[in-house]
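Worksheet: one structure, shown below.
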2 protein chains.
Amino acid sequence: MVKRHSSSIEDYLEAIMLASLEGSKVTVTQISQVMGVKKPSVTSAIARLLEMGMVAHEKYGEIVLTEKGSRVAQDVYVRHQALRRFLVEILNVDEEVATDDACRMEHYLSSTSVDRLNKFIEFVMDCPQGRPIWLDGFNYFVSHGHRNPEQMLICSSRCNVRDKLTNNDE
Amino acid sequence: MVKRHSSSIEDYLEAIMLASLEGSKVTVTQISQVMGVKKPSVTSAIARLLEMGMVAHEKYGEIVLTEKGSRVAQDVYVRHQALRRFLVEILNVDEEVATDDACRMEHYLSSTSVDRLNKFIEFVMDCPQGRPIWLDGFNYFVSHGHRNPEQMLICSSRCNVRDKLTNNDE
DNA sequence: CATAATTGTTAGTATCATCTAACTGTGAGG
DNA sequence: CCTCACAGTTAGATGATACTAACAATTATG
């Protein structure tokens, strides 16, 4: 649905949005710092964003997202969070690595896939019976290099139930 | 471990590798077609790759990956496949969407995360007892918008086993 | 083997996004 | 209310990557 822009543009929008949430007025210096670029890069990015109708900004004034810019920024952030949560909460990747990966990949995940990923995270993490046992099994698998024999027994026993279910369905 | 290059460079290397696997000699036209760019773009990319020692190529000759180029290409392809398989086999995203997403994200997934993702795919798909029942549960969740009540009962019964396991561990 | 069709290259241009250096505007302290 | 430190901007350069138009080399075909 939402039109995609360059990863640079998306990064600026996201940074501006997050800076806005800090409360105080968003400045060029602030954005340049959080994004690790020089100030003229920010100025020229703002000029592009202005043309696109993504921000309101008058010379030497504060940077404010328009409705449109805000929508795009939130969209990017949703993708960021989906990727980050998946990496951290399911794959158990370190926070920093996950954040970095999410920051780079967030620009390229289709809306179809984010939706599915979010459903997956919800399915796994908001399980009514609590954290699924297989997630512990996965962490065991990662750290030991092989499956937990005890859990394999559980899995095996479940298969009988599954078979019954499958037969019922057919 | 493996140094990363621009996504464009990685794309060319991957395309050349895949074209090589087709058997016949790799040509500029072929690469330009599979990558959807014009021929001069390929020529200039090859020049860059040549400088980097990634390909061997003499004017009007065939394009061949060097050892180094081959290593990078395979590395990219591993990331591509990990992402693609995850999207298709676990999230159940359509093939084309998954391939497109993988093609774009493959350049940005850290080696730490690919490894973990591959372990996850292996853990889920190569389960000794076959396809995990919760994957069916997830597909039900996706298509119905809520969990399968029958599966929730199974999950619930498993929790007792988990509790025993956890107590044993402590 | 001559020539047409195809393939590949060169030259030149454009865009995006960054940088440095130098300049200008602003606001806080004296 | 002046001045100076800092914030922001402008101008111009750079690098990566793509493009078109035009040219050159190669291959295939009669």
Side-chain angles (χ1 to χ4, degrees), chain A residues 3-16 19-20 22-65 69 72-73 76 103-108, chain B residues 3-16 19-20 22-65 69 72-73 76 100 103-104 106-108:
Chain A
K3 194 201 161 199
R4 291 298 175 90
H5 303 84
S6 73
S7 59
S8 166
I9 288 296
E10 287 190 348
D11 279 334
Y12 281 105
L13 289 172
E14 196 182 16
I16 294 166
S20 305
E22 297 294 308
S24 55
K25 302 193 170 183
V26 180
T27 68
V28 168
T29 303
Q30 191 183 4
I31 298 301
S32 96
Q33 279 166 354
V34 301
M35 291 193 57
V37 298
K38 301 296 177 181
K39 289 187 288 180
S41 307
V42 178
T43 302
S44 86
I46 298 295
R48 269 176 281 145
L49 290 171
L50 202 60
E51 274 193 9
M52 296 179 190
M54 298 286 196
V55 297
H57 180 240
E58 25 202 79
K59 266 195 186 177
Y60 302 97
E62 89 182 284
I63 303 161
V64 184
L65 289 179
V72 175
V76 176
C103 275
R104 293 189 312 263
M105 293 197 293
E106 65 191 10
H107 312 293
Y108 305 104
Chain B
K3 196 202 160 200
R4 290 298 176 90
H5 303 84
S6 73
S7 59
S8 165
I9 287 297
E10 287 190 348
D11 278 334
Y12 281 105
L13 289 172
E14 195 183 16
I16 294 167
S20 305
E22 296 295 309
S24 56
K25 302 193 171 184
V26 181
T27 69
V28 168
T29 303
Q30 191 184 5
I31 297 301
S32 98
Q33 281 166 352
V34 300
M35 292 192 58
V37 297
K38 302 295 176 181
K39 290 188 287 180
S41 308
V42 177
T43 303
S44 86
I46 298 296
R48 268 177 282 143
L49 290 170
L50 202 59
E51 273 192 11
M52 296 179 191
M54 297 286 196
V55 297
H57 179 241
E58 28 202 77
K59 266 195 184 179
Y60 301 97
E62 88 182 285
I63 303 161
V64 184
L65 290 180
V72 175
V76 176
D100 290 354
C103 275
R104 293 190 312 265
E106 66 191 10
H107 311 293
Y108 305 104

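A, B, ... follow the sequence lines: proteins, then strands. Residue 1 opens every chain.
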Span of DNA chain D, from the first to the last nucleotide whose atoms fall under 4.0 Å of chain B heavy atoms: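 With heavy atoms of chain B under 4.0 Å away, the range is dT17(D) to dT26(D).
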Spacing of [atom1] belonging to [X] relative to [atom2] belonging to [Y], to within rounding of 0.5 Å:
X	Y	atom1	atom2	result
H107(B)	S8(B)	NE2	OG	8.5 Å
H57(B)	L49(B)	NE2	CG	10.5 Å
I63(B)	L50(B)	CD1	CG	10.5 Å
I16(B)	Q30(B)	CD1	CD	10.0 Å
Y60(A)	E58(A)	OH	CD	13.0 Å
R104(A)	E106(A)	CZ	CD	10.5 Å

Could you state the atom-to-atom distance from [atom1] of [X] to [atom2] of [N] in whole Å?
X	N	atom1	atom2	result
I46(B)	dT7(C)	CD1	C1'	14 Å
E62(A)	dG27(C)	CD	P	13 Å
Y60(B)	dT6(C)	OH	P	17 Å

Sugar-phosphate, base or nothing in reach of T43(A), heavy atoms under 4.0 Å: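 It contacts base atoms.
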Sugar-phosphate only, base, or nothing, as touched by H5(A) at under 4.0 Å among non-hydrogen atoms: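 The answer is nothing, as H5(A) stays clear of every strand by at least 4.0 Å.
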Salt bridge (Lys or Arg N to Asp or Glu O under 4.0 Å) partners of residues 34-57 of chain B, not counting sequence neighbours, each pair once: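 Of all non-adjacent pairs touching residues 34-57 of chain B, none passes salt bridge (Lys or Arg N to Asp or Glu O under 4.0 Å).
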Short side-chain N/O contact from T29(B) to OP1 or OP2 of dG8(C), under 4.0 Å: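 Affirmative; the distance criterion is met.
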Protein-to-nucleotide contact annotation, 5' to 3' order, nucleotides 12-22 of chain C [B base; S sugar-phosphate only; - none; under 4.0 Å, heavy atom]: -----SBBBB-
Heavy-atom side-chain contact between D11(B) and E14(B) under 4.5 Å: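 With C-beta onward as the side chain, the pair touches.
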